[in-house]
Structure formats: C-alpha cells, structure tokens
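Structure record follows, encoded as structure tokens.
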Amino acid sequence: MGILLVQCVIYFSRFPNDRMWTKVLVSVILLLETIITVFVFHGFWIGATQHGSNLSWVVAVGIGGQQLVPDPLWSFVALAPLTGLVSSLTHGFFCWRIWAVRKSMIVPVLVMMISLVQFAMVTFGGVVYGLVPDINVDHPMPFYIPVWLVGSLVCDSVITVYMTISLVDCSEKSGFMHTKSLLAKLIKLTIETGLVTTTAALIELILAIAFRVTMYHIALFYIISKLYANCVLATLNSRIILNKTVDRHKTAAVYNNWHSSDHSGETPSRNSADVIQIHTKVETSIMMDPYDASSEG
C-alpha cells in the first residue's frame, strides 16, 4: 500500500494535464485499495484479538461461535467483489492501451468479456461461499474457482502477449533508431508488468487446485489487487523516464556573411556580427502517451 501511495503522489504531481478519466481511474483504484486494506486489517484484527492465531477459524466460521454452516466475516466477504473490481478496472485500462496502439476492438472486447466473467465469479464466490475452502475432498471443486482464476490468468496473459506483439510490430515498421529505442523500453515495461500479474494469477490457480482444502491461495488473493494497481501506476509514471529520452535540444550557428581570403590555402574568415543562432527543441511522440488532455485537438 505504501508503494501505491507514493506512485499516486508522483502521478498527480507530475501529470496534472492528463485526461479526466485517467485521473478518475487512479483515484478510484486508490480508494478501492484503501478500503481493501482496511477490511483486511479488520479481519486479521478480529482473528488476533478474539480467536488467537486461529485465523482460518475466524474466516470460515465467523465470530458468532462454532457453526456447521460457514458464516464468514463481513470484511472478508466484501474483499471478493472489491478485488474483482480492481482487476477488471486494470484489464480495462490495458485493453484501452491495446486499442490505442492497434485501433482494433476485437481483442480488447474479448478480454473485457472474460474479465467481467471472472469479476462475476469472484463476487459470487465471496458473497455465497465466502471464499471458504471445502474441507471434504470427496466434493467436487466449486465451479466459480476455476472460472474465476482461469479467467484472470487468460486476461493477463493475452494482454501481455498481444501488447508486446503490437509494440514489436510498431518497432519493426519504424525507420528511426530513436523511436526503436523508445519502443524497446515500452516493450520491456509491458513484459515486466505483465509478468507480475500473470505469474501471480498462475500461482494462485496452482495453489487453489493443489491445496483446495486450505486457504493458501486466499493468502495471495489478499495482495493480488495491489499488484494490479501498482502495475497501472507504474505504466502511467513510466512516462517520466521515457520523456527524458524524448526531448532533444539542438543549437545551430548560421553564418550569414563569409569573407573569402585572396590567398589560396587559407580558410575563409567569418564575421561574428553576422552569426545567427538557432535553438530548436525536437519532440518525438510515438502514440505512447494518449493520456494527456493537451494532445486532444
């Protein structure tokens, strides 16, 4: 949470001219992550103060006493839709980036459909089941778990792979070395942020299948939303580094009056009074910053 707060401060201080929807997205994600953090601490506080270290009992049974039917804490129940919403918002942001590069809605729409399904499944699992594991190994795995976790993994994988392919394609079509270098940095950033969320989703899926009667995958579930949120902010704030390599200042001196010498072999003399200095600033834009409202015509 601390890293996310720092990233938000950097974003709002360095990019005040971003489009309103981008700033609203960052504000909503920060608000949701703050609520998620409060709810997690509430659940852990109840577990530590009222039931010792038996946190699994608190989550599965609640604070009303031993019950045959699980009655999870309300704060843990609320984590499911909140986390699903953060993941869907993140998927929507990266789908929009894909559209900004490709100008095609096919892949973004398909990814968002899958993302909304996983959001519905994690919400259903949290509200109906409380994400409580089934301790009876003879029972089949609840259907919402594979749909939810596989959906998240598919969304993260498709976004990472397709965005990387799109940027590589743009790099190959560019004839300018500076643009290629800039695109290479974007490709590296895309792979790094994509691998973080994809790896986390894969590990959570493996834990849910291999240790279905435990709460191991729920432990990762508590932090995965913050991985999504930090990836969004890291992508937005990466423009600070990229813009440093984009701006170029050049100065040229143009001599308006050349006086040639009559003696052969001597270099022409130049009159300093006729020197004109030209100072230029060259900026390169490669569709990597459609967030700035000042770029709108």
Side-chain angles (χ1 to χ4, degrees), residues 4 18-19 21-26 28-29 32-33 36 80-126 143-171 183 186-206 208-209 217 220-221 223-239 286-291:
L4 180 62
D18 272 9
R19 296 180 181 182
W21 74 263
T22 311
K23 291 186 283 189
V24 170
L25 174 65
V26 173
V28 170
I29 289 177
L32 291 174
E33 284 303 319
I36 289 173
L82 291 175
T83 301
L85 181 57
V86 171
S87 63
S88 290
L89 289 175
T90 303
H91 293 151
F93 170 77
F94 285 107
C95 284
W96 177 80
R97 292 188 74 223
I98 291 176
W99 174 83
V101 174
R102 284 288 190 177
K103 300 300 180 184
S104 174
M105 293 295 293
I106 297 177
V107 172
V109 168
L110 292 176
V111 171
M112 281 310 302
M113 290 175 62
I114 298 175
S115 180
L116 292 176
V117 170
Q118 68 87 26
F119 171 47
M121 288 298 100
V122 70
T123 302
F124 173 82
F143 73 96
Y144 74 89
I145 293 180
V147 176
W148 153 39
L149 296 177
V150 171
S152 297
L153 179 61
V154 169
C155 289
D156 296 338
S157 302
V158 171
I159 289 173
T160 303
V161 173
Y162 194 75
M163 191 66 188
T164 302
I165 293 174
S166 301
L167 292 174
V168 170
D169 184 57
C170 292
S171 179
L183 284 168
L186 285 174
I187 293 170
K188 180 181 177 182
L189 174 68
T190 301
I191 293 175
E192 289 175 346
T193 55
L195 281 179
V196 170
T197 55
T198 302
T199 303
L202 179 60
I203 294 175
E204 187 176 4
L205 176 61
I206 293 174
I209 296 175
H217 79 98
L220 186 59
F221 167 77
I223 64 171
I224 197 168
S225 65
K226 289 177 175 51
L227 295 180
Y228 282 118
N230 276 288
C231 285
V232 172
L233 268 299
T235 301
L236 291 170
N237 290 337
S238 65
R239 292 173 292 168
I286 57 167
M287 69 201 170
M288 46 76 63
D289 189 9
Y291 317 105

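Just so you know, these numbers come straight off a predicted model, no measurement behind them. Heavy atoms only: backbone and side chains are in, while hydrogens, waters and symmetry mates are out.
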### Query
Do you know which two heavy atoms are closest between L153 and T198, and how far apart they sit?
CD1-O, 3.6 Å

#### Entry: Taking every non-hydrogen atom, the tightest pair across V111 and C155
O-SG, 3.4 Å

### From CA spacing to verdict: side chain to side chain contact (heavy atoms under 4.5 Å, CB included), F93, L236
CA-CA 11 Å; F93 170 77; L236 291 170; 3.9 Å; yes

### Query
Got a sec, which residues hit side chain to side chain donor-acceptor pair (under 3.5 Å) with S88, two or more places apart in sequence or on another chain?
S115, Q118

### Query
S157 side chain to V154 main-chain N or O, any donor-acceptor pair under 3.5 Å?
no

### Message
Can you tell me how far apart CG (N230) and CD1 (I29) are? Round to the nearest 0.5 Å.
### Response
10.0 Å

#### Entry: Pairwise distance OG1(T164) to CD1(I159) - rounded to 0.5 angstrom
11.0 Å

### Query
By side-chain contact (heavy atoms from CB on, under 4.5 Å), which residues pair with I209, not counting sequence neighbours?
M141, L205

### Partners passing ring pair (Phe, Tyr, Trp, His ring centres under 6.0 Å) against F119 (at least two apart in sequence or in another chain)
none

### Summary
Hits for side-chain contact (heavy atoms from CB on, under 4.5 Å) against T83, two or more places apart or cross-chain, chain-then-number order -> I36, F221, I224, S225

### Summary
side chain to side chain donor-acceptor pair (under 3.5 Å) pairs touching residues 102-111, sequence neighbours excluded, are R102-S166

### Query
Can you tell me how far CE of M121 sits from OG1 of T123, rounded to the nearest 0.5 angstrom?
8.5 Å

### Task
Find the distance between CD1 (I145) and CD (E204) and round it off to the nearest 0.5 Å.
10.0 Å

### Query
Does F124 have any ring pair (Phe, Tyr, Trp, His ring centres under 6.0 Å) partners at least two apart in sequence or in another chain, and if so, which?
Y129, F143

### Message
For a quick test of reading the model, state the closest non-hydrogen atom pair linking L220 to A200 and the distance between them.
### Response
CD2-O, 3.2 Å

## Note on the structure
Heavy atoms of S152 and Y228 approach each other most closely as CB-OH, 4.1 Å

### Message
In the structure I gave you, are the side-chain heavy atoms of V86 and L82 within less than 4.5 Å of one another anywhere?
### Response
no

### ring-ring contact (aromatic ring centres under 6.0 Å, His included): pairs with one or both residues in residues 150-171, sequence neighbours excluded
none

### Query
Taking all non-hydrogen atoms of both residues, which atom of A201 and which atom of D156 are closest, and how far apart?
CB-OD2, 3.8 Å

#### Entry: Partners meeting side-chain contact (heavy atoms from CB on, under 4.5 Å) with P108 (sequence neighbours left out)
C95, I98, W99

### Residue pair V158 / V107: nearest heavy atoms and the distance that separates them
CG1-CG1, 4.0 Å

#### Entry: Counterpart residues, salt bridge (Lys or Arg N to Asp or Glu O under 4.0 Å), relative to K226 (two or more places apart)
E33

### Task
Hey, could you give me the OG1/CG distance between T90 and L85, rounded to the nearest 0.5 Å?
9.0 Å

## Note on the structure
Between the CE atom in M163 and the CG atom in L189, the distance rounded to the nearest 0.5 Å is 9.5 Å

### Which residues share a side-chain contact (heavy atoms from CB on, under 4.5 Å) with V161, sequence neighbours left out
I165

### Backbone N/O of V196 and side chain of T199: donor-acceptor pair under 3.5 Å
no

### Message
Could you go through R239 and D18, starting from their C-alpha distance and side-chain angles, then the distance that decides it, and tell me whether this counts as side chain to side chain contact (heavy atoms under 4.5 Å, CB included)?
### Response
CA-CA 12 Å; R239 292 173 292 168; D18 272 9; 2.7 Å; yes

